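As the structure is a prediction and not an experimental result, all values here were calculated from the model.
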Amino acid sequence: MATSAASPRPLPRATALTRPGFVVPLGLGLLAALSVLLRVSVMDAGLWVDEGLSIGIADRPLLDIPGVLRQDGSPPLYYMLLHVWIGVTGRSEPLLHTLSLIFAVLTIPVAYALVRTLISVRAGWIAAALFATNPFLTQYAQEARMYSLVVLLSLVTCAAFVAAFALRPSRRWTVGFALAQTTLLYTHNWGLFLGAGLAAGFALLLWLSEDRGKLLREGLLAAGLIALAYAPWLPTLVFQALHTGAPWARPPDFAALREAPSELLGVTGQFVLLLGAGAGLAALAQRRSGESRAALALGVAGVLAIAVPWLISAVSPAFATRYLAVAVGPLLLVAALGLSRAGRLGLAALALVVALWAANRPPTVKSNVSDVAANVVPSLAAGDLVISTQPEQVPVLDYYLGEVGGLQYATLTGGLTELGVTDWRDGVDRLEETSVARDLDPLLDAVRPGERVALIAPDFSILSRWKAPWSSLIRSRSLAWEDRMRSDSRFRVVTIEPPIAVSRPHEVRATIFVRQSLDSPAVSARRRGLNTLPAGAFSSR
């Protein structure tokens, strides 16, 4: 019996393996596996102060989070997502970091899909490889903060922007851009700076456009949608700008601006990336195509997302390298476009950049709070008082000392009932009003004989880090409070942890005092002018 001529023949195995339906999932899976391998090396590293704030805010009831952020200075989206995540997975360090890891890994397929659709398959794979190994993402994929989510959203925002206004103009892309930009604004306030950069890029595209009327209408539609969706948060944003800000920051110098690219792209990787992508972008600039205009607009947006906050911080300090997560999306998209148009040089540069980035390792220690807490927990019991002279350290201290039930907490402004949220409102003004007599002495008077006080203060051996308005007050008050407790004959030092200070960022030192009874030998000796403590019991500052 004859077979039908229409019957399909099975593909040879080698041919089937090269079909996109197999290659794409395999390639993206391999990149995702590489990304995860690079980004789990410090998943169990101790939490630092900002991560403690994340957990403390996320521990609030979900619908209370937007309101409580009037005290903090951030938008609510990440904290609300973290709240849901904690409810499902728990509060261990690796699980807290896993949410950020998920956002980082998602940049890989998202970058491939968007860039492939808008530019080319080669550009899509290059973009996926860059996002899979970028060292900034490697570091913040392992922190319980919003920065990997910010990178993901900046990628989507910038890709939708160039699609809507340079490469694939359509109402769908316009609405998608507005949605992505609004989501970014609800995740981090520096999304405003990326928005400013994109506005400048749009003005450039409008100037180069052959149909300015249509482009202007689409731009106004996107701006209107963003304004409408973001309007509910504006009153809180204005309040935060007036009352919270970043009192811990100093005006950035030019070195901070010069070093920003190396923080985002790696110290050596940035130069290789510039060489390879620059060659492709130079060739692309001669074509006067939609791709060249898109690269120009994204380049402007990426540069301004760094330069604008640096300039503004000269007047109102708020500059922090981690906030530059908003610039990673446009910079890597421009790099992917340039490398894809640089031929063999682009592929060689990509291979070298990926190798350099893969060798990069994030800090293995972000803070010593977890170690200090573990060592002082045996010294503490219910009813003891923990005084943190750096108010923003309280949430992370509570996280690690929580196993000791019934501890009392205080900071420079007095006793605390809310441990998860730091009140930054007019913080410098409130700190200036504090004093030993008004705020510390009542706390010490309430301590009963036998109870202990853990005085936890920053390590001030890195003096250059403590010159901002907030930080300098923390330093002066901390030293005054510690001197007061050491001179109080009612208290005796029993533990100092760590015994020797370590000059690293975000380090703390705990001094444990015990309240003595009035007739104890130590108190009697001090009244006679004698010092019963061994020489060297206190460290010098």
Side-chain angles (χ1 to χ4, degrees), residues 46-60 68-74 79 144-145 239-240 243-250 317-318 320 366-370 372-373 376 384-402 407-444 446 453-460 462 465-482 484-485 505-511:
L47 306 176
W48 72 292
V49 57
D50 278 15
E51 294 179 283
L53 293 171
S54 292
I55 301 164
I57 294 170
D59 273 342
R60 304 284 299 221
V68 79
L69 287 171
R70 287 171 65 88
Q71 302 177 36
D72 178 79
S74 298
Y79 300 107
R145 294 295 284 168
F239 181 89
Q240 291 171 336
H243 297 284
T244 60
W248 42 263
R250 291 186 295 159
K366 293 176 282 188
S367 169
N368 71 337
V369 172
S370 61
V372 169
V376 302
D384 289 343
L385 175 63
V386 177
I387 301 176
S388 173
T389 61
Q390 186 179 3
E392 61 268 36
Q393 287 280 10
V394 171
V396 72
L397 288 171
D398 178 53
Y399 177 87
Y400 286 115
L401 296 175
L407 291 175
Q408 306 298 312
Y409 284 83
T411 187
L412 295 177
T413 53
L416 297 173
T417 56
E418 172 57 70
L419 304 181
V421 180
T422 297
D423 188 354
W424 293 100
R425 292 174 296 182
D426 305 317
V428 172
D429 293 339
R430 289 190 293 111
L431 279 188
E432 287 177 340
E433 296 174 355
T434 61
S435 69
V436 166
R438 194 193 78 169
D439 301 291
L440 176 60
D441 285 348
L443 294 173
L444 300 183
V453 179
L455 183 69
I456 302 177
D459 171 17
F460 297 113
I462 308 178
R465 297 180 60 87
W466 296 93
K467 295 181 179 179
W470 174 270
S471 304
S472 61
L473 284 168
I474 296 296
R475 182 176 188 273
S476 63
R477 297 297 191 270
S478 297
L479 296 176
W481 282 40
E482 188 168 348
R484 171 69 178 88
M485 290 203 66
H506 314 302
E507 299 289 286
V508 300
R509 205 164 189 203
T511 305

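The side chain to side chain donor-acceptor pair (under 3.5 Å) check on Tyr409 picks up nothing, with sequence neighbours excluded. Asp429 pairs by the salt bridge (Lys or Arg N to Asp or Glu O under 4.0 Å) definition with nothing, not counting sequence neighbours. Asp423 is linked by a side chain to side chain donor-acceptor pair (under 3.5 Å) to Arg425, counting only residues two or more places apart in sequence or in another chain. Trp470 is linked by a ring-ring contact (aromatic ring centres under 6.0 Å, His included) to Trp424, counting only residues two or more places apart in sequence or in another chain. Ser370 pairs by the side chain to side chain donor-acceptor pair (under 3.5 Å) definition with nothing, not counting sequence neighbours. With sequence neighbours left out, Arg484 forms a salt bridge (Lys or Arg N to Asp or Glu O under 4.0 Å) with Asp441, Asp488. Here Arg70 pairs with Thr236, Phe239 under the side chain to side chain contact (heavy atoms under 4.5 Å, CB included) rule; sequence neighbours left out. Partners of Thr413 by side chain to side chain contact (heavy atoms under 4.5 Å, CB included), not counting sequence neighbours, listed by chain and number: Thr411, Arg430, Leu431, Thr434. With sequence neighbours excluded, no residue forms a side chain to side chain donor-acceptor pair (under 3.5 Å) with Thr422. Shown here are the side chain to side chain contact (heavy atoms under 4.5 Å, CB included) partners of Gln408, two or more places apart in sequence or in another chain: Leu385. When the salt bridge (Lys or Arg N to Asp or Glu O under 4.0 Å) test is applied to Glu432, no partner is found at least two apart in sequence or on another chain.
Residues Ala437 and Pro442 approach most closely at O-CD, 3.5 Å, considering heavy atoms. Heavy-atom minimum distance, Val49 versus Glu392: CG2-O, 2.9 Å. Pairing each heavy atom of Pro317 with each of Ala249, the nearest pair is CB-O, 3.5 Å. The shortest non-hydrogen separation linking Val428 to Pro247 is CG2-CB, 3.6 Å. Residues Ala510 and Val376 approach most closely at CB-CG1, 4.1 Å, considering heavy atoms.
Atoms CZ and OG1, on Arg477 and Thr389 in that order, are 11.5 Å from each other to the nearest 0.5 Å. Atom CG of Asp459 sits about 7.5 Å away from atom CZ of Arg509, to the nearest 0.5 Å. Taking CH2 from Trp481 and OG from Ser435, the interatomic distance works out to 8.5 Å, rounded to the nearest 0.5 Å. Put simply, OG on Ser388 and CG on Leu419 are 11.0 Å apart, with the number rounded to the nearest 0.5 Å. The CD1 atom of Ile387 lies 11.0 Å from the OG atom of Ser478; values are rounded to the nearest 0.5 Å. Taking CG of Leu412 as the reference point, atom CD of Glu433 lies at 13.0 Å (rounded to 0.5 Å).
Contact annotation: the side chain of Val386 never approaches that of Asp398 to less than 4.5 Å [non-hydrogen atoms, C-beta and beyond]. Pro458 is listed as a side-chain neighbour of Ile474, based on a closest heavy-atom distance under 4.5 Å.
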Would you please test Ile456 and Val372 for side-chain contact (heavy atoms from CB on, under 4.5 Å) and show each step?
-> CA-CA 10 Å; Ile456 302 177; Val372 169; 5.5 Å; no

Quick one: do Val369 and Leu397 satisfy side-chain contact (heavy atoms from CB on, under 4.5 Å)? Show the steps, please.
-> CA-CA 7 Å; Val369 172; Leu397 288 171; 3.8 Å; yes

Enumerate, atom names and distances included, each donor-acceptor pair closer than 3.5 Å involving a side-chain atom of residues 50-59, sequence neighbours excluded.
unit_1 : atom_1 : unit_2 : atom_2 : d
Asp50  : OD2    : Arg322 : NE     : 3.4
Asp50  : OD2    : Arg322 : NH2    : 3.3
Glu51  : OE1    : Trp48  : N      : 3.1
Glu51  : OE1    : Lys366 : NZ     : 3.1
Glu51  : OE2    : His97  : NE2    : 2.8
Glu51  : OE2    : Ala144 : N      : 2.8
Glu51  : OE2    : Lys366 : NZ     : 3.3
Ser54  : OG     : Asp50  : O      : 3.3
Ser54  : OG     : Ala144 : O      : 2.8
Ser54  : OG     : Arg145 : NH1    : 2.8
Asp59  : OD2    : Arg91  : NE     : 3.4
Asp59  : OD2    : Arg91  : NH2    : 3.0

